[in-house]
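Below is one structure, written out as structure tokens; comments come after it.
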Protein chains: 2
Amino acid sequence: MRAGGPLDAEMILSATEDVLRRHGPAKATVVDVGRALGVSHAAVYKHFPSKTALREAVSRRWLNQDRDALAAIASDSEIPPRQRLRSWLAALLASKRAKAHDDPELFAAYRILVTENSDAAAEHVTDLLRQLQGILADGVTSAVFRDADPAALALAVFSATTRFHHPAHTGDWQTPGVEDELDAVCTLLIDGLGHPDVHP
Amino acid sequence: MRAGGPLDAEMILSATEDVLRRHGPAKATVVDVGRALGVSHAAVYKHFPSKTALREAVSRRWLNQDRDALAAIASDSEIPPRQRLRSWLAALLASKRAKAHDDPELFAAYRILVTENSDAAAEHVTDLLRQLQGILADGVTSAVFRDADPAALALAVFSATTRFHHPAHTGDWQTPGVEDELDAVCTLLIDGLGHPDVHP
DNA sequence: TTGGTAACAGAATTCAAATTGTGTAACCTG
DNA sequence: CAGGTTACACAATTTGAATTCTGTTACCAA
């Protein structure tokens, strides 16, 4: 059960993840987490003030995996902004999709946890929006994107791709054509519906 | 309770709506519907084969209200396609938003009913997509939209506006800036991120 | 003094018994 | 015979007693 040394936050978070996967978020108790670690449940309370705080910490850790993976793409100035936007959005879909596909129980558990803790979700959105804004700002600087407020642009792009990253649409991500649909939306966002002739 | 004449489908549907509003979808029973009409529950079964069928019928009636209201805009060839697209999407948001705001209990009830009966939801989406496709086809004909498959274009536009019509995002519709956010997305869809200079 | 235990009160959850609801059948009535 | 009734089997839901979980306290060990 318990590996050599004393308990630390990371061990507890990992154990919590296991318990979540096995029992689901509704039945996962801190007694279970204690048992998984070979300690009493009171020991867990030495590290986290409440069950809610523990669930929040575990949610944050999970969301931050995506954030960190995407940050690499967002800040890669080797890739031109248009392609970078496409790659970033595709990677966002791909990483969420992979999580949902590879470990459905765990994904379902986190889905519920994150909707409960809307603070963690809101901060995650803020993080992603900041990354997106960086890409768009680069595009504005290099004059491939129209000169508008990058924050407003980021929000609009994020809104327009809701179906490809919001957990409410998890079911859609398993259908074959999703990547192509995201690609079609990207094309519309980058080039618009506008016929070349109507542009000045 | 029971108004003069014999029971018909419409009377039952209206009574069902009342029961749904009062008790919510989880507690609404066909015994309640019978009671509201002053008849036994078995009388309801003379008109609908099952509780599921009754719920489906009431869902369809509800969804068709929006469909019919929007059809008027979609087929109004007086309005130029670009503006028609904007108006149609704005009206879609407005009508759902109004329902959610004016009678939250009933809206919540229908939200659950419709997610249960995914057939009705799927058909509703098909209806809306057909309307949208009509607008886009007009735009392609009059050369204000790029010459692409209107069906694919419709799907992309519908996907990109998911946040403004999908019931999972009902909460967002009450926040002050939504209409402006939809407008920003519309602008992006119509004109794209592209800077005029990069167009041929 | 940090990291652990066991014991506890009150809140939350489970489980089986009792109630209520669904769908059908056999039967009236204009 | 269309449109209603009552009566019924069995499925689903509610209810309340018994159990389990949360968060705290008092205490122990390195």
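Here is how names work: the chains are called A, B, and so on, in the same order as the sequence lines, proteins then strands, and each is numbered from 1.
- Side-chain atoms of A/Ser14 never come within 3.5 Å of backbone atoms of A/Met11 as a donor-acceptor pair (strictly under, hydrogens ignored).
- B/Met11 places its CE atom 13 Å from the C1' atom of D/dG4, with the value rounded to the nearest Å.
- Applying the salt bridge (charged side-chain N to carboxylate O under 4.0 Å, His left out) test to every pair with at least one member in residues 178-188 of chain B, sequence neighbours left out, gives these pairs: B/Arg86-B/Asp183, B/Arg97-B/Glu179, B/Arg163-B/Glu181.
- Shown here are the salt bridge (Lys or Arg N to Asp or Glu O under 4.0 Å) partners of B/Arg111, two or more places apart in sequence or in another chain: there are none.
- Taking atom NE2 on A/His23 and atom P on D/dT20, their separation rounds to 14 Å, with Å as the unit.
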Show every donor-acceptor pair shorter than 3.5 Å between a side-chain atom in residues 64-74 of chain A and any protein atom, with sequence neighbours excluded, or say none if there are none.
from: A/Asn64; atom 1: ND2; to: A/Arg60; atom 2: O; distance (Å): 3.4
from: A/Gln65; atom 1: OE1; to: A/Lys99; atom 2: NZ; distance (Å): 3.4
from: A/Asp66; atom 1: OD1; to: A/Ser95; atom 2: OG; distance (Å): 2.8
from: A/Asp66; atom 1: OD2; to: A/Lys99; atom 2: NZ; distance (Å): 3.3

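- With sequence neighbours left out, B/Arg21 forms a salt bridge (Lys or Arg N to Asp or Glu O under 4.0 Å) with B/Asp18, B/Asp103.
- When the salt bridge (Lys or Arg N to Asp or Glu O under 4.0 Å) test is applied to B/Arg22, no partner is found at least two apart in sequence or on another chain.
- Two end axes, each from the C1' atoms of five base pairs, can be drawn for the helix from C/dT1-D/dA30 to C/dG30-D/dC1; they diverge by 30°, to 10 degrees.
- Nearer to the 5' terminus of DNA chain D, by closest-nucleotide assignment, is the contact made by B/His47 (compared with the other of A/Thr52 and B/His47).
- Under the ring pair (Phe, Tyr, Trp, His ring centres under 6.0 Å) criterion, B/Phe48 pairs with no residue at all, not counting sequence neighbours.
- The interatomic distance linking B/Lys46 (NZ) with C/dA26 (C1') rounds to 10 Å, in whole Å.
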Atom pairs under 3.5 Å: protein N/O with N/O of nucleotides 28-30 of chain C:
none

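- By the salt bridge (Lys or Arg N to Asp or Glu O under 4.0 Å) test, B/Glu78 pairs with no residue at all, sequence neighbours left out.
- Not counting sequence neighbours, A/His124 has no partner by the ring pair (Phe, Tyr, Trp, His ring centres under 6.0 Å) test.
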Q: Any chance you could list the contact pattern along nucleotides 7-22 of chain C? Use B for base contacts, S for sugar-phosphate-only contacts and - for none, protein heavy atoms under 4.0 Å, 5' to 3'.
A: --------------SB
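- Counting only residues at least two apart or in different chains, ring-ring contact (aromatic ring centres under 6.0 Å, His included) contacts with residues 56-91 of chain A comprise A/Trp62-A/Phe107, A/Trp62-A/Tyr110.
- Put simply, A/Ser50 has no side-chain N or O that comes within less than 4.0 Å of OP1 or OP2 on D/dG23.
- In this structure, B/His165 and B/Phe158 have parallel ring planes: the angle between them is below the 30° cut-off, well short of the 60° mark.
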